[in-house]
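As structure tokens, the structure follows; a few thoughts come after it.
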Amino acid sequence: MTDLPTLLLIHGFPHDHTLWDAQVAALSASAHVLAPDLRGFGAGGPVPDVMTMEAYAEDLKKLLDERGLPGSERIVLCGLSMGGYIALAFLERWPERVQALVLCNTRSGADTEEGRAARQETARNAKEKGVPVIARATLPKVLSEHTRTSDPELVASMEAMMARQRPDAVAAAALGMAQRPDRTALLSSISVPTLIITGAEDELMPLPTSEAMHQAIAHSELVVIPNVAHLSNVEDPVRFNATLRNFLSSLPHA
Ligand code: MLT
């Protein structure tokens with residue numbers, strides 16, 4: 001068991017660790033799986049006004065050091081969307097701690113001016129209108145039409161997961177994402193095996209975004225899951241898990 005890789009799953013915005021329930025259940029024979037709540041989300045502790053991607057990455061580094069799991073000196077780092085922004089911030093600072101990288105439904109670029117203004121509005125809305133309003137508006141952007149029509153239970157559980165997040169945590173993350181730098185230049189320095197997964201219908205991270213990361217990262221593989229949008233791991237856990245399991249089994253043993 002000790003030569004299993006340690007897989008650190010980083011959730012997106014505004015999610016908590018339950019985003020990864022289907023992966024934790026399916027992949028625990030293939031890896032030591034860690035799926036923490038980011039600060040402020042789920043059971044995560046108090047947050048400052050702005051949580052930068054670097055601050056989340058520092059929290060994760062601390063968590064790895066404290067757990068001291070076998071293999072946690074070099075981990076497989078997997079982030080979805082905001083989790084991908086955090087994974088890149090982690091990799092930039094501690095490349096020696098990363099054995100392999102999985103970037104799901106994410107991008108390396110920074111926000112546009114318009115995007116930053118929208119983050120300010122999200123932060124305001126979280127506090128003034130409440131997170132359930134944001135959750136309701138977000139659903140059609142993150143789940144494909146196929147998912148929305150075929151799996152109402154999943155739609156309800158994703159809405160509930162987003163709606164229950166704390167307004168201060170949502171605001172701090174939105175403002176932190178607005179501040180994140182463009183990490184596209186980092187991509188060409190990545191030398192670890194990298195898997196890029198996205199949904200064919202992800203409008204938040206359109207396919208060319210993932211294709212560009214694939215082009216820029218030397219040892220990368222791109223997998224596009226049909227019929228899914230932004231939450232590819234929950235919309236098609238069977239395909240997602242099989243892809244990730246194959247990737248894990250292709251890694252050299254520690
Ligand atoms: C996420 O799912 O984490 C968000 O869509 C990321 C973002 O808003 O840029």
Side-chain angles (χ1 to χ4, degrees), residues 8-20 23 35-42 44 47 50-57 60 77-90 102-126 131 133-144 147 154-155 157-166 169-184 196-199 201-210 212-213 225 228-235 240:
L8 177 63
L9 299 171
I10 316 173
H11 66 74
F13 169 89
H15 310 151
D16 59 32
H17 74 278
T18 63
L19 179 82
W20 298 111
Q23 284 66 49
D37 284 321
L38 292 171
R39 204 184 323 169
F41 293 100
V47 283
V50 180
M51 270 302 287
T52 61
M53 302 304 103
E54 293 78 11
Y56 289 122
L60 295 173
L77 192 56
C78 171
L80 182 131
S81 198
M82 181 177 80
Y85 309 157
I86 297 167
L88 290 176
F90 186 107
V102 187
L103 297 171
C104 316
N105 303 82
T106 193
R107 58 157 54 97
S108 56
D111 283 353
T112 58
E113 272 313 310
E114 200 186 352
R116 285 195 193 102
R119 302 283 192 204
Q120 298 281 348
E121 199 183 331
T122 300
R124 257 196 320 274
N125 285 343
V131 180
V133 173
I134 295 176
R136 176 55 60 95
T138 302
L139 272 184
K141 298 185 207 154
V142 297
L143 298 175
S144 69
T147 304
L154 177 67
V155 178
S157 80
M158 287 301 106
E159 181 171 359
M161 177 194 61
M162 294 192 278
R164 68 175 173 249
Q165 305 309 323
R166 292 195 334 241
V170 171
L175 298 177
M177 285 191 284
Q179 286 187 13
R180 78 187 192 285
D182 183 351
R183 290 199 159 88
T184 303
I196 300 165
I197 305 180
T198 198
E201 291 169 33
D202 189 345
E203 287 172 16
L204 293 180
M205 307 288 169
L207 188 53
T209 305
S210 293
M213 291 196 296
I225 304 183
V228 313
H230 191 57
L231 302 183
S232 56
N233 68 313
V234 293
E235 295 185 78
F240 187 97

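Whatever order the structure lists them in is the order used to number ligands and atoms, beginning at 1.
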Sidechain N-carboxylate O distance under 4.0 Å for Glu121, Arg124: no
Would you mind listing which atoms of ligand 1 come within a distance below 4.0 Å of any non-hydrogen atom of Phe13? 1 (C), 2 (O), 3 (O), 4 (C)
With sequence neighbours excluded, what pairs up with Glu114 under the side-chain hydrogen bond (donor to acceptor under 3.5 Å, both in side chains) test? none
Against heavy atoms of Gly12, which atoms of ligand 1 measure under 4.0 Å? 3 (O)
What's the shortest heavy-atom distance between Met53 and Gly176, and which atoms? CE-C, 3.7 Å
Which ligand 1 atoms are under 4.0 Å away from a heavy-atom of Ser81? 1 (C), 2 (O), 3 (O), 4 (C), 5 (O), 6 (C)
How does Arg119 reach ligand 1, if at all, at less than 4.0 Å between non-hydrogen atoms: by side chain, backbone, both, or neither? side chain
Atom indices of ligand 1, in the order listed, that fall short of 4.0 Å to a heavy atom of Tyr85: 6 (C), 7 (C), 9 (O)
Does Met161 offer a backbone N or O that forms a donor-acceptor pair with the side chain of Gln165 under 3.5 Å? yes
Is there a nitrogen or oxygen of Met82 sitting under 3.5 Å from a nitrogen or oxygen of ligand 1? yes
Would you confirm whether Asn233, through its side chain, and Phe240, through its main-chain N or O, come within 3.5 Å as a donor-acceptor pair? no
